[in-house]
Engineer: 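What follows is a single structure, and I will ask about it in a moment.
Remember, it's 1-based here, ligands and their atoms both numbered in the order they're listed.
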Amino acid sequence: MNTLLDTTPEDLLSVALLRRMDVPGPRYTSYPTADRYVEAFGATEYQQALRQRAAMSGAASLSVYVHIPFCESLCYYCACNKIITKHKSRGREYLADLQREVELHVAELGRGQLVSQLHLGGGSPTFLSDEELADLLAMLRAAFVVQLEAEVSIEVDPRTVSRERLRRIAAMGFNRISFGVQDFDPAVQQAVHRVQPFESVRELVQEAQALGFASINADLIYGLPMQTPESFQRTIAQVAELRPTRIALYAYAHLPQRFKPQRRIDTAALPSAEQRLQMLRDGMAGFIAHGYSYIGMDHFALPDDALAVAKRQGRLHRNFQGYTTQPDKDLLGLGVSAIGRVGATYSQNAKTLAEYHDALAQGQFPVVRGLALTRDDLLRRAVIMALMCQGRVDFESIDAAHLVTMRELFAPEFENLKPLQALGLVEVTDHEIQVTARGWFFVRAVAMVFDRHLQADRARERFSRII
Ligand code: SF4
């Protein structure tokens, strides 16, 4: 299998190639992507999907995601669904809604469903007090059986925790932790209204290491205001010094028309397109030079981290939280705006707290949109996820599982792969598509070839240009 575990990207990536491939595209945490969900799929359809699962004997264990939308202060780059508030009482009110939502699930699935993965995201889960976090976990444990070896993870805003608080979080049973770092440069932190000095984050990461969290992730963003390739090099070195087991390196997308907080960012302070590419390349080269393995889609992990091991063994999977070692399974998305996957459906909860609360107060699931996947969606999802996770599509196994002949059915797609073959990103033989070492850096561009919805958009654009 073609991997990058011992490869530096200098010989694989040129700025010219990065420039050519730096096109916006989905992250494929689901296929079809969330922007394709429709309102025709609502609470009733979701309930039916749950009932189908309940009727299945021997259904696999569940993943559960809980969205905590609150944050105490606004980061100007933010594009998340969050509510900025200083009123701590909102946490308790929200837990009451979550309890209602959990009980609706219990009514359909029965109490005691096995959970092998539980993730708290946001917003800022640490907006909740320790007591509230403990109550939330107790409530979930009363409804589900969280397996002993389950991954129990939490996103942490370093400004909201101390070493003592981390100890309490570990004692509650969280065994994976993710810190929002973004950038360590003081001028960048000022410019995005998120000040968290390196020394305080270092203290927290060291404490998390001492507490034995199985994985410690650091999120970074390049393309922020005041960032320069020089300043970002310093952040890369500082992050590498902290030795988190995982690193996610995201690109900042400046879309002030869409995300209101971003209007506070001084456009003149944003790095140029050339500087952004340089930072991306430096990040990739830097973390690999510091001993990290490239997982895919801007994610890095130390070679003995479970993600890197799964990548080597071809056991990587992908869900709404990104790469995971857990095989595809049903995911219950709880909380405002949360996304779930049950059987061959996706669903999303109401995005406003008022709408979310009102549905629950009426005893209804707060699902407002979603999708029941067609046969074509399921086939393409299998191909896209095989590319994104294993970097390889075996025609025979896809043909057998979906009763198709891939080479014939996807003749136009194979034609569209040719430019990527010419760039050395994929190799196509009679029996497989293989993403090359270089192709892993652009794997979503390869996946996009098989996205029917993107193809339809392009056809529409061409059509509207013609007329
Ligand atoms: S970036 Fe995170 S902490 Fe900052 S406002 Fe957005 S959700 Fe809250």
Engineer: Atom 8 (Fe) of ligand 1: which protein N, O or S atoms are under 2.8 Å away?
Structural biologist: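 Checking every protein N, O and S atom gives C71 SG.
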Engineer: Pairs under 3.5 angstrom only: tabulate donor-acceptor contacts from the side chains of residues 191-201 to other protein residues two or more places apart or in another chain.
Structural biologist:
{"residue": "H193", "atom": "ND1", "partner": "L74", "partner atom": "O", "Å": "2.7"}
{"residue": "R194", "atom": "NE", "partner": "Q196", "partner atom": "OE1", "Å": "3.3"}
{"residue": "R194", "atom": "NH1", "partner": "Y77", "partner atom": "OH", "Å": "3.3"}
{"residue": "R194", "atom": "NH2", "partner": "G180", "partner atom": "O", "Å": "3.1"}
{"residue": "Q196", "atom": "NE2", "partner": "G180", "partner atom": "O", "Å": "2.9"}
{"residue": "Q196", "atom": "NE2", "partner": "V181", "partner atom": "O", "Å": "3.0"}
{"residue": "S200", "atom": "OG", "partner": "P197", "partner atom": "O", "Å": "2.8"}

Engineer: With distance as the sole criterion, is a donor-acceptor pair present between the side chains of T126 and D157 under 3.5 Å?
Structural biologist: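 On atom types as modelled, these side chains do not qualify, holding no pair under 3.5 Å.
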Engineer: Would D305 and Y292 count as having a side-chain donor-acceptor pair, cut-off 3.5 Å?
Structural biologist: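 No pair is found: no donor N or O on one side chain lies under 3.5 Å from an acceptor on the other.
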Engineer: Should the ring pair Y346 and Y37 be called parallel, tilted or perpendicular, given that the plane angle runs from 0 to 90° and is split at 30 and 60?
Structural biologist: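 Aromatic pair Y346/Y37 classed parallel.
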Engineer: Are T160 and E72 close enough that a side-chain donor and a side-chain acceptor fall under 3.5 Å?
Structural biologist: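 The answer is no; no qualifying pair exists.
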Engineer: Would Q182 count as a contact residue for ligand 1, given that I'm defining contact as a non-hydrogen atom of the residue lying under 4.0 Å from a ligand atom?
Structural biologist: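 The answer is no: ligand 1 sits nowhere under 4.0 Å from a heavy atom of Q182.
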Engineer: Answer yes when E241 and R202 have at least one side-chain N-carboxylate O distance shorter than 4.0 Å, and no when they do not.
Structural biologist: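 The answer is yes: the pair qualifies as a salt bridge.
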Engineer: Please tell me whether S116 and K329 have a donor and an acceptor in their side chains that are separated by less than 3.5 angstrom.
Structural biologist: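 S116 vs K329: donor-acceptor pair found between side chains.
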Engineer: With a cut-off of 4.0 Å, which atoms of ligand 1 are near a heavy atom of R194?
Structural biologist: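 By the 4.0 Å cutoff, the relevant atoms are 3 (S), 4 (Fe).
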